[in-house]
Structures are given as structure tokens and as C-alpha cells.
Amino acid sequence: MDIRVQADPFAPGAVLDGFTAALSGAGAVVSFTGLVRDIDGALDHMEIEHYPGMTEAALRKIASDAMERWPLIDVLILHRHGKLAPQDPIMMVATASPHRNAAFEAADFLMDYLKSRAPFWKNERVGGVDRWVDATAEDEAALSRWGDDAANGGD
Amino acid sequence: MDIRVQADPFAPGAVLDGFTAALSGAGAVVSFTGLVRDIDGALDHMEIEHYPGMTEAALRKIASDAMERWPLIDVLILHRHGKLAPQDPIMMVATASPHRNAAFEAADFLMDYLKSRAPFWKNERVGGVDRWVDATAEDEAALSRWGDDAANGGD
Amino acid sequence: MKIDVRYFAWVRERIGVGHESVETDAATPRALIEELRTREARYEAAFQDITALRVAVDQELVDMDDALGTAREVAFFPPMTGG
Amino acid sequence: MKIDVRYFAWVRERIGVGHESVETDAATPRALIEELRTREARYEAAFQDITALRVAVDQELVDMDDALGTAREVAFFPPMTGG
């Protein structure tokens with residue numbers, strides 16, 4: 001299990017190759033990379049706040065839950081904080097398994113929990129004005145797909 | 001759309017970074033890498049046969065179907081043929097979308113069709129004996145998840 | 001008891017500090033919020049809609065009505081937006 | 001008509017060649033298989049279980065009973081195992 005919370009930029013390819021090289025017995029590796037989206041071309045930058053200490057613990061919990069639930073060989077979660085430019089990679093998860101479906105489902109699970117259960121908050125500066133990104137009802141609802149208690153964590 | 005059929009090895013990370021660098025407006029990139037599995041430590045090598053000409057056309061069709069079905073910014077399919085060693089990357093797909101779910105679902109779709117509708121045949125040499133890998137009923141059944149005519153292609 | 005109270009995102013901005021030490025006998029996060037609201041307008045501004053807030057006690061997500069017990073650190077923040 | 005017939009994987013191995021030119025009036029892939037089976041034992045060995053085979057006509061997957069029409073290239077092979 002590899003959990004990283006960092007202000008520094010990262011190259012998804014280097015992370016993927018490092019993750020893959022360390023595997024033994026894997027047949028399937030799935031990666032998800034989140035990029036800073038700039039749909040209207042108006043985003044100056046994004047700033048991500050987090051809760052040091054709790055962040056690492058929350059990510060470790062999410063990764064452990066995935067390892068318990070699927071036959072995974074390894075899991076990686078990397079998430080940046082601080083200032084990011086449009087198109088910068090924000091975060092990445094990777095899963096490895098002997099089986100394709102397990103790798104896909106676990107990556108999807110990691111993303112659902114990471115969105116709503118890890119203490120990150122995105123702030124976007126658009127046209128010189130800062131605004132906090134709102135959580136969506138869909139993100140919260142997505143957790144019910146996995147139908148367990150963790151979906152009810154928090155209020 | 002980037003379709004590659006090649007005998008040469010490839011580094012998944014370099015492919016992922018190249019794919020990601022060319023994107024505009026993407027928020028989500030999903031990659032799947034298939035590795036030569038060697039569960040019993042007995043695999044000498046794998047040899048993949050394919051149908052030159054038809055292979056490229058079939059992969060292009062599968063990628064186009066995904067682009068029509070989901071709001072994707074780009075799709076990549078890379079598949080090796082020839083001789084591969086245990087743990088070698090066999091193939092890779094990547095999808096990019098503004099939306100996470102579209103990127104995940106499309107990558108899953110590409111894999112399902114690639115397994116049963118692209119003209120590749122795997123041969124494993126185990127303990128000096130060659131054997132053709134059998135297609136599984138599960139792989140065929142997986143296509144029905146997507147519920148369309150293409151699932152009935154072939155006899 | 002003395003609790004280190006932390007604020008994040010717009011909760012932090014409205015209150016004006018990232019964390020502070022609070023002397024309280026509140027039994028739950030909800031009771032702690034009600035106590036803080038009576039202090040100054042900036043707390044009222046941050047805590048006016050309690051359904052828009054999440055809380056962690058000793059760095060674990062909990063419900064607003066869970067017991068604070070011997071908590072050392074309580075954090076209030078809006079729903080998380082990672083990923 | 002003259003058709004380029006191609007074989008892959010164990011079909012190719014059993015027949016002993018990767019492709020050959022065949023003069024035939026078969027109307028469907030199934031009819032072409034029945035014709036080839038009568039030729040030599042190696043064809044019989046390759047084609048004994050037609051349900052284990054797939055066919056492509058001019059590089060597109062089709063059903064065994066589809067019309068060959070003016071096909072130039074027909075390929076027989078086992079179910080594919082890519083990915």
C-alpha cells in the first residue's frame with residue numbers, strides 16, 4: 001500500500017511504472033488520474049486545502065477497505081494539496097489484481113470514497129475571484145453503491 | 001483516437017503520459033494495463049498471434065463505439081503480438097473524459113470487447129509445452145452487460 | 001475540558017482562524033457549535049447551517065450528536081471535495 | 001469463385017498452412033467448411049466441432065450461415081483471447 005499526500009507535482013506515468021514494477025502475480029493494473037478541469041478557459045488556478053494527519057489516516061483507511069474487499073495485490077493513492085494550474089494532475093489511484101474486474105471495481109470504489117471521505121477542499125480562482133467548490137449530491141449518493149456502514153460516516 | 005498493434009515492448013507510464021499530455025478539457029483519465037500472468041511460476045513465455053489488417057480495423061471499431069457511447073475526449077488502445085515474458089505488459093487501454101464515470105465505464109467496455117472481438121490468440125508455453133489459451137464463457141457473457149447488437153457478432 | 005478546535009475551508013475563512021483552544025463542557029459536536037455561536041457574529045456566520053457542516057473528532061468523521069468524551073481535537077468543515 | 005482462406009491459432013496448426021487459395025461455389029462459411037472437411041483428414045481435424053470456430057469474411061466477424069457473396073477473404077479461427 002502506497003499513500004502519498006504532497007504539494008509537489010507528479011507525473012502519472014512515472015507513478016504508474018513504479019507501481020507496476022513492484023508487483024508480483026498481477027494480471028491487471030487500473031489507474032485513475034484526476035486533472036484540474038478548465039471547461040471555460042477561465043480558471044486562474046486551483047488551491048487545495050487539507051487536514052494534515054487526518055488526510056493520511058483517511059486515505060489509509062480507504063485503501064485498507066479496498067484491500068479487504070477485493071483480491072488486490074497492491075493499492076496506491078496519491079493526492080496533491082496547495083496550488084495547481086489548469087490541466088495539472090490532482091490525484092491518482094492505482095489498483096493491481098490477478099483479475100480485471102477486481103482492479104476496475106476497486107479503483108472505482110477508491111474514487112467514490114476519496115471524493116466524500118478524505119479531508120480535501122478545493123478552491124477555484126476564476127477571473128480573479130476565489131470560490132469553494134461545492135460537494136455534489138451525486139458524490140454522496142455514489143457511496144450507497146457499495147452498501148456498507150462507511151457510507152454513513154459523518155453526519 | 002490512438003490505435004497501436006505492435007511486437008515491440010512498451011512502457012505503460014510513457015504511453016499514459018503521452019496520452020494525457022495531448023488532452024484538452026479532460027478531468028478524468030483511466031488506464032488499464034494487462035500483464036502476462038504467471039501464477040504458478042511455470043510459464044516460459046507467451047506468444048500472441050493476430051490477424052494483421054483485421055486487428056487494426058476491429059480495434060478502431062471498438063474505440064469508435066466507445067467514443068459514440070460516452071462523452072470521451074480521447075481513447076487509446078495498444079496491443080502487443082509476438083513473444084512476451086511473464087509480467088510483460090500485453091496491452092493497454094486509456095480513456096479521457098470530463099467525467100469520471102464515463103472514463104471508467106468506457107475503459108471497462110473497451111476491455112470487454114477487446115477480449116472477445118479483436119482477433120488475438122494467446123499461446124502459453126508452460127514447462128516446455130505449448131497450449132492455446134481457451135476463451136472463457138465469462139468473457140463472452142460480459143458483452144451482454146452492454147446490451148447491443150455487437151454482442152451477437154460472430155457465430 | 002480544553003479542546004483544540006480546527007476549522008477548514010470556508011468555515012476557517014468565516015471564523016478567521018485555522019484553530020484555537022476552547023474551554024468547554026459540551027457533550028457533543030452539536031452542543032459545542034451552539035456554544036460557539038453565542039460568542040461572536042463570525043461564529044454565527046460559520047455555523048448558521050449545521051446541515052452544511054461535517055465534523056471530525058480526533059481526526060475521525062463522526063456524527064454531530066456523537067459523544068465528545070475525552071476528545072482532544074474537534075474539526076468543523078464543509079463536505080469534502082477531494083478526488 | 002476463388003477465395004483466399006486464412007487459418008489462425010490451432011486451426012492453422014491442424015491444417016498446416018496459414019492461408020491458401022480455394023476454388024469454391026460455397027454460399028456460406030458453413031458450406032465452405034463442409035466442402036473442406038471432405039478433402040483431407042487434417043481439415044476434418046480442424047473443423048470437427050464447428051461451434052468451437054469463429055469466422056470472418058473480408059476481415060469482419062460474421063455468422064456461419066451468412067452469405068459469402070463476393071467475398072475475397074474468409075478466415076477461420078477459435079474464439080479470440082485478446083486483452
Side-chain angles (χ1 to χ4, degrees), chain A residues 10-41 43 46 73 86-101 103-112 114-115 122 133 136 138-139 142 145, chain B residues 10-41 43 46 73 86-101 103-112 114-115 122 133 136 138-139 142 145:
Chain A
F10 68 97
V15 176
L16 178 62
D17 282 343
F19 180 75
T20 304
L23 299 172
S24 173
V29 177
V30 168
S31 79
F32 177 94
T33 308
L35 307 173
V36 177
R37 223 184 336 160
D38 180 20
I39 291 174
D40 309 322
L43 183 73
M46 174 182 277
I73 292 168
Q87 293 299 310
D88 270 4
I90 302 174
M91 49 69 59
M92 182 166 174
V93 305
T95 56
S97 173
H99 307 290
R100 176 162 64 104
N101 287 343
F104 265 120
E105 285 177 25
D108 205 3
F109 171 94
L110 291 175
M111 287 307 303
D112 274 350
L114 213 129
K115 290 231 166 225
K122 292 188 182 118
V133 172
T136 67
E138 293 81 51
D139 284 343
R145 290 202 288 155
Chain B
F10 69 96
V15 175
L16 177 62
D17 281 344
F19 179 76
T20 305
L23 299 171
S24 174
V29 177
V30 169
S31 79
F32 178 94
T33 307
L35 307 173
V36 178
R37 226 187 328 164
D38 180 20
I39 290 175
D40 308 324
L43 182 74
M46 174 180 278
I73 292 167
Q87 291 301 308
D88 270 4
I90 302 175
M91 48 70 57
M92 184 169 172
V93 304
T95 55
S97 171
H99 306 290
R100 177 162 65 104
N101 288 342
F104 265 119
E105 285 178 25
D108 205 4
F109 171 95
L110 291 174
M111 288 306 303
D112 275 350
L114 214 129
K115 290 229 166 226
K122 293 189 182 119
V133 173
T136 66
E138 293 82 50
D139 284 343
R145 291 203 286 155

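Throughout, a chain's letter reflects where its sequence line sits, starting with A, and its residues are numbered from 1. Only a predicted model underlies this, so the values are computations on that prediction, with no experimental measurement involved.
In this structure, the portion of Asp139(A) lying under 4.5 Å from any heavy atom of chain B is its side chain and not its backbone. Both the backbone and the side chain of Ala107(A) come within contact range of chain B, each with at least one heavy atom under 4.5 Å from a heavy atom of that chain.
Checking Phe104(B), Phe109(B), Phe32(B) one by one against Phe104(A), the ring pair (Phe, Tyr, Trp, His ring centres under 6.0 Å) holds for a single residue, Phe32(B).
Per-residue counts of heavy-atom pairs under 4.5 Å with chain B were compared for Pro12(A), Ala11(A), Ala96(A); the largest is that of Pro12(A).
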* side chain to side chain contact (heavy atoms under 4.5 Å, CB included) evaluation trace for Met92(B) with Val29(A) -> CA-CA 9 Å; Met92(B) 184 169 172; Val29(A) 177; over 6 Å; no

* Asked: When you look at Met111(B) and Asn101(A), which way does the side chain to side chain contact (heavy atoms under 4.5 Å, CB included) test go after all the steps?
  -> CA-CA 10 Å; Met111(B) 288 306 303; Asn101(A) 287 343; over 6 Å; no

Show me the donor-acceptor pairs, under 3.5 Å and distance only, between side chains in residues 14-26 of chain B and residues at least two apart or in other chains.
residue	atom	partner	partner atom	Å
Asp17(B)	OD1	Gly13(A)	N	2.8
Asp17(B)	OD2	Gly13(A)	N	3.4
Thr20(B)	OG1	Leu16(B)	O	2.8

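Among all heavy-atom pairs drawn from Asp112(B) and Arg100(A), the shortest one is OD1-NH1, 2.9 Å.
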